[in-house]
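I have placed the structure first, in the form of structure tokens, so that the comments after it can refer back to it.
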Amino acid sequence: MGKKVIVTGASRGIGFELVKQYALAGHEVVAISRNLSRLEFLKKECSRLNSKSKVHVISFDLVDGDFETDLMPFVSECFDKVDILVNNAGALVVKPFTEISSEELERVYRVNVSSVFKLTQLMMPKFSEEAHVLNISSVGGVQGSVKFPGLTAYSSSKAALVGLTECLAEEYKETSLSFNCLALGAVQTEMLEEAFPGYEAPTSAKEMATYILDFSLTGPQFYNGKILTVSKSTP
Ligand SMILES: NC(=O)c1ccc[n+]([C@@H]2O[C@H](COP(=O)([O-])OP(=O)(O)OC[C@H]3O[C@@H](n4cnc5c(N)ncnc54)[C@H](OP(=O)(O)O)[C@@H]3O)[C@@H](O)[C@H]2O)c1
């Protein structure tokens, strides 16, 4: 049966491909990001792939937007219950440690951590009994992984997302909800190009989206509170 899915960071990269694949497979999606024209293009792409696709798009800023007054009423209009929340939106700053401003640090943490905290919190009453919250982190946020200079704000925020996932799984362990986190390696997207110009990733956004979609549906059978590294590149 078709699932009711929310995907953040849907305007490009992995999120864009993910929404297309959910739509193609007959799932209903609320797609969130700031860039409305890209979201409208995404919606058109989805109906081209599946004329019966149900994709609802909303331009919403995870940093400055008002979750209670702008985002949640939209979600409630689309869905009575939500089966899958993919916290995929991400923000990056690539700069030497001493040059990262407070504003840049705050923006990265608000997109990568606080907005996930807030959205998941507000979604709790709307989750179906066996809902799956899937957080998209990075290999750089995993303890003991290879680290790269310039990514202190980004990678430490992704480590916070790893911790948040584990805490949520513990706090809700008596329920049927699942909380998991995929720590991705290099995927060919605009974000990667910004972080590592000229680097060619071994995995495309489309390939990674296929994996994420499958894991979002089947993962809870085997995993809860787990951080899985999905990477062919860094150890
Ligand atoms: N690509 C990689 O190699 C790689 C590796 C490890 C982990 N990841 C993680 O995978 C996820 C997807 O990455 P990607 O490479 O596809 O990134 P991307 O191409 O940069 O896309 C990021 C998405 O997040 C959205 N976003 C950013 N700031 C936002 C804000 N303030 N409010 C709402 N939406 C916002 C962007 O939409 P708007 O600009 O339209 O708002 C965009 O759709 C991220 O969490 C990233 O950290 C990626």
Side-chain angles (χ1 to χ4, degrees), residues 6-21 29-43 57-67 70-71 74 85-94 103-104 106-116 118-119 133-142 145-148 151 153-162 164-165 181-213 215-216 227-234:
I6 296 181
V7 177
T8 67
S11 64
R12 64 183 207 178
I14 298 164
F16 184 87
E17 293 298 328
L18 187 57
V19 172
K20 280 201 316 195
Q21 293 188 27
V29 190
V30 166
I32 302 167
S33 70
R34 291 166 301 180
N35 189 331
L36 188 59
S37 59
R38 283 289 301 172
L39 289 172
E40 276 163 359
F41 172 66
L42 169 64
K43 194 171 169 163
V57 300
I58 177 166
S59 166
F60 182 77
D61 190 332
L62 293 164
V63 174
D64 292 329
D66 188 324
F67 285 72
D70 295 335
L71 184 59
F74 181 83
L85 167 61
V86 187
N87 286 308
N88 164 77
L92 178 76
V93 56
V94 189
E103 291 72 28
E104 285 166 332
E106 190 176 336
R107 181 180 62 86
V108 167
Y109 267 73
R110 282 179 79 174
V111 176
N112 295 354
V113 190
S114 315
S115 79
V116 176
K118 181 83 179 166
L119 183 57
V133 178
L134 184 52
N135 294 329
I136 305 301
S137 183
S138 164
V139 171
V142 175
S145 69
V146 172
K147 300 292 186 288
F148 297 94
L151 295 182
Y154 175 76
S155 294
S156 63
S157 74
K158 288 298 188 180
L161 188 55
V162 163
L164 174 62
T165 311
C181 180
L182 298 178
L184 310 187
V187 182
Q188 199 60 53
T189 66
E190 289 169 64
M191 180 187 277
L192 183 84
E193 184 55 29
E194 213 180 304
F196 301 102
Y199 178 81
E200 281 184 29
T203 307
S204 69
K206 191 174 173 185
E207 287 166 332
M208 188 54 84
T210 303
Y211 180 83
I212 295 173
L213 182 149
F215 185 82
S216 75
I227 314 307
L228 303 182
T229 297
V230 189
S231 177
K232 290 205 274 191
S233 48
T234 43

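Every number for a ligand or one of its atoms is a count from 1 in the order of the listing.
At least one donor-acceptor pair closer than 3.5 Å links the side chain of Lys158 to the backbone N or O of Ile136. For Ser145 (side chain) and Gly141 (main-chain N/O), no donor-acceptor pair under 3.5 Å exists by modelled atom type. No donor-acceptor distance shorter than 3.5 angstrom exists from the side chain of Gln188 to the backbone of Pro202, with no hydrogens or angles considered. Using a distance-only test at 3.5 Å, with no hydrogens or angles considered, no donor-acceptor pair links the side chain of Asn88 to the main chain of Val7.
Ser157 and Asn112 share a donor-acceptor pair across their side chains, judged by distance under 3.5 Å alone.
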Verify ring pair (Phe, Tyr, Trp, His ring centres under 6.0 Å) between Phe148 and Phe196, making sure each step is shown before the conclusion.
CA-CA 10 Å; Phe148 297 94; Phe196 301 102; 5.0 Å; yes
At less than 3.5 Å, what protein N or O atoms come close to the N or O atoms of ligand 1? Include the distances to 0.1 Å.
unit_1, atom_1, unit_2, atom_2, d
ligand 1, 1 (N), Val187, O, 3.1
ligand 1, 1 (N), Thr189, OG1, 3.0
ligand 1, 3 (O), Val187, N, 2.7
ligand 1, 3 (O), Val187, O, 3.2
ligand 1, 15 (O), Thr189, OG1, 2.5
ligand 1, 16 (O), Ile14, N, 2.8
ligand 1, 19 (O), Arg12, NE, 3.1
ligand 1, 20 (O), Arg12, NE, 3.3
ligand 1, 20 (O), Arg12, NH2, 2.8
ligand 1, 24 (O), Gly90, N, 3.4
ligand 1, 28 (N), Arg34, NH2, 3.4
ligand 1, 31 (N), Asp61, OD1, 3.0
ligand 1, 32 (N), Leu62, N, 2.9
ligand 1, 37 (O), Ser11, OG, 2.9
ligand 1, 39 (O), Arg34, NH2, 3.0
ligand 1, 40 (O), Ser11, OG, 2.7
ligand 1, 40 (O), Ser33, OG, 3.3
ligand 1, 40 (O), Arg34, N, 3.3
ligand 1, 40 (O), Asn35, N, 2.9
ligand 1, 41 (O), Arg34, N, 2.8
ligand 1, 41 (O), Arg34, NE, 2.7
ligand 1, 41 (O), Arg34, NH2, 3.4
ligand 1, 43 (O), Gly9, O, 3.2
ligand 1, 43 (O), Ser11, N, 3.2
ligand 1, 43 (O), Ser11, OG, 2.8
ligand 1, 45 (O), Asn88, O, 2.7
ligand 1, 45 (O), Lys158, NZ, 2.8
ligand 1, 47 (O), Tyr154, OH, 2.5
ligand 1, 47 (O), Lys158, NZ, 3.1

